[in-house]
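Data block below; observations after.
Below, chain A is the first sequence line, B the second, and so on; all start at residue 1.
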Protein chains: 2
Amino acid sequence: MKAYLLQMLKELALLGAINNRVEISSLELANQLETSQQTASRYVLELDKLDLITREMGIKKQLIQITENGADILKEEYMQYKHIFELPQKIRFDGHLVSGMGEGTYYLAQKGYINQFHHHCGFKPFPGTLNVKIPQIEKNKLRLIKKFPGLEIEEFETTNRTFGAVKCFNATVNETECVLVLPARGHYSKILEFISPDNLRKKLDIKDGDPVHIIINIEKQIE
Amino acid sequence: MKAYLLQMLKELALLGAINNRVEISSLELANQLETSQQTASRYVLELDKLDLITREMGIKKQLIQITENGADILKEEYMQYKHIFELPQKIRFDGHLVSGMGEGTYYLAQKGYINQFHHHCGFKPFPGTLNVKIPQIEKNKLRLIKKFPGLEIEEFETTNRTFGAVKCFNATVNETECVLVLPARGHYSKILEFISPDNLRKKLDIKDGDPVHIIINIEKQIE
DNA sequence: ATTACTAAGTTACGAGTAA
DNA sequence: TTTACTCGTAACTTAGTAA
């Protein structure tokens with residue numbers, strides 16, 4: 001997202017456009033942003049196109065309201081600032097247990113991962129990940145987590161293929177300590193994968209669909 | 001300030017550059033910001049020129065630290081987001097009493113102001129403002145206050161000159177209710193002016209140099 | 001490896017203006 | 001009054017490089 005559009009979105013939020021439609025002309029917006037009416041108008045059109053705001057044409061002025069997508073972007077921004085100025089905090093997710101397709105087992109059978117996990121985390125992971133699906137709305141938290149260094153497990157190659165780098169964060173699932181593993185690059189999945197020396201599914205005594213509460217510690221690194 | 005520079009400044013803050021020098025190459029910054037190495041390099045130069053960061057050239061990479069000016073800008077941004085998502089909050093200042101140059105008395109002798117104050121605030125202001133000097137570091141709070149609508153007293157003209165619009169906010173000075181008056185446009189002064197139906201200086205029993213504690217209510221409008 | 005210059009390409013801006 | 005188009009110009013970006 002372009003930085004200048006974020007600026008405008010924030011301005012609209014300050015004017016109360018998150019929970020209400022706000023009646024504001026492009027000229028008024030231009031004055032707030034110290035730009036021209038034309039540019040403000042263009043920004044509004046761009047935000048609309050990106051589905052970050054909705055517009056209706058009022059009798060004279062336009063009525064603008066920020067969409068959920070738009071509010072999500074601002075929330076993420078807010079969380080970033082919070083992390084800059086507030087004490088390091090934990091990030092919470094509510095999700096529910098799902099079955100992996102066995103990929104976890106496949107990956108955790110790779111020596112390249114096992115050895116690095118053992119070296120950095122001090123345990124040999126149970127062969128298989130605990131998979132938790134998180135709601136779409138939490139995706140901004142995920143993006144935030146990825147901004148933090150965590151503990152990086154380097155990529156490696158076998159004779160067959162390359163295994164990408166992953167990032168690890170200390171976490172708890174239903175108050176039980178374990179380690180979140182995220183791909184270091186690439187896209188966001190709605191499935192979080194956790195590893196542990198134990199069989200987490202048994203230890204937690206949970207089955208598919210059960211709600212789980214996750215806390216990710218983004219500050220303290222493993223070891 | 002340009003929106004894209006703010007973005008970079010925030011990125012540096014997330015990397016811990018507010019309280020420490022951070023060793024980071026322009027290429028690494030470029031990857032974080034999803035732009036080119038050249039652009040990241042240019043941003044760094046611009047931020048340095050604006051005195052928002054300091055730089056040293058390390059053995060290979062540059063060492064970057066955010067200056068107080070830079071941190072102030074980020075803090076203000078943070079406060080804006082806070083106001084978007086948190087419950088309306090009051091803004092506090094600590095300052096000390098100073099003498100006006102008699103301008104307050106002059107302005108408050110103008111019918112154009114008196115009538116509008118009376119109409120909107122329900123009282124005839126005591127002829128003279130209470131002037132409080134606030135520290136330089138609080139200037140970002142002032143900028144934030146100005147983002148809120150408050151109650152606007154319109155500009156008016158006399159035969160001699162034009163008197164600019166002002167914004168009013170409910171406030172307390174040492175727990176005594178009064179009204180903050182700020183010029184609606186133009187620059188920030190380090191002197192806050194308060195009006196009240198009473199002679200505040202007598203009512204509060206304070207003299208020049210005495211510390212005063214101010215709370216500004218940016219949400220609730222007068223009447 | 002770095003940083004950062006130049007030059008050319010791309011995008012954004014806003015005056016003028018229509019609807 | 002509005003919103004938003006066109007289009008000339010200003011600003012920003014980046015490939016190619018030098019140091």
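- Q37(B) comes within contact range of at least one nucleobase, with a heavy-atom separation under 4.0 Å.
- Residue contacts for I59(A): at a heavy-atom cut-off of 4.0 Å it reaches no nucleic acid atom on any strand shown.
- In this structure, S25(A) reaches the sugar-phosphate backbone alone: every heavy-atom distance under 4.0 Å involves primed, P, OP1 or OP2 atoms, never a base.
- R21(A) and E56(A) are joined by a salt bridge, as a carboxylate oxygen and a charged side-chain nitrogen come within less than 4.0 angstrom of each other.
- To the nearest angstrom, P of dA1(C) lies 17 Å from CG of L29(B).
- With rounding to the nearest 0.5 Å, the separation of CG in L130(A) from CD1 in I195(A) is 11.5 Å.
- The CZ atom of R55(A) sits 4.5 Å away from the CD atom of Q62(A) when rounded to the nearest 0.5 Å.
- Remark: E154(B) CD to Y113(B) OH distance equals 11.5 Å, nearest 0.5 Å.
- A donor and an acceptor atom, one from each side chain of E76(A) and Q80(A), are located under 3.5 Å apart.
- Scanning both residues, V173(A) and C178(A), for their nearest heavy atoms gives CG2-SG, 3.6 Å.
- In this structure, a donor-acceptor pair under 3.5 Å is absent between the side chains of Q65(B) and T54(B).
- A salt bridge does not link R185(A) with E155(A): none of the charged nitrogens is closer than 4.0 Å to a carboxylate oxygen.
- Note: CG (L45(A)) to P (dT11(C)) measures 18 Å, nearest angstrom.
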For nucleotides 12-15 of chain C, which of its nitrogen or oxygen atoms have a protein nitrogen or oxygen under 3.5 Å away, and what is each distance?
{"residue": "dA12(C)", "atom": "OP1", "partner": "K2(A)", "partner atom": "NZ", "Å": "3.1"}
{"residue": "dA12(C)", "atom": "OP1", "partner": "Y4(A)", "partner atom": "OH", "Å": "2.9"}
{"residue": "dC13(C)", "atom": "OP1", "partner": "Y43(A)", "partner atom": "OH", "Å": "2.7"}
{"residue": "dC13(C)", "atom": "OP2", "partner": "R42(A)", "partner atom": "NH1", "Å": "2.7"}
{"residue": "dC13(C)", "atom": "OP2", "partner": "R42(A)", "partner atom": "NH2", "Å": "2.9"}
{"residue": "dG14(C)", "atom": "OP2", "partner": "T35(A)", "partner atom": "OG1", "Å": "2.7"}
{"residue": "dG14(C)", "atom": "OP2", "partner": "S36(A)", "partner atom": "N", "Å": "3.3"}
{"residue": "dG14(C)", "atom": "OP2", "partner": "S36(A)", "partner atom": "OG", "Å": "2.9"}
{"residue": "dG14(C)", "atom": "OP2", "partner": "T39(A)", "partner atom": "OG1", "Å": "2.7"}
{"residue": "dA15(C)", "atom": "N7", "partner": "Q38(A)", "partner atom": "NE2", "Å": "2.4"}

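- Computed from coordinates, the I24(B) CD1 to dT2(C) C1' distance equals 14 Å when rounded to whole Å.
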**OP:** Could you walk me through whether R42(B) and E46(B) pass side-chain contact (heavy atoms from CB on, under 4.5 Å), step by step?
**Re:** CA-CA 6 Å; R42(B) 192 160 35 79; E46(B) 288 182 55; 3.6 Å; yes
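- Nucleotides of DNA chain D lying under 4.0 Å from heavy atoms of chain A occupy a range whose first and last members, 5' to 3', are dT1(D) to dC5(D).
- Whole-Å rounding puts the L27(B) CG to dA1(C) P distance at 9 Å.
- Atoms CD1 (I64(B)) and P (dT2(C)) sit 13 Å apart, rounded to a whole Å.
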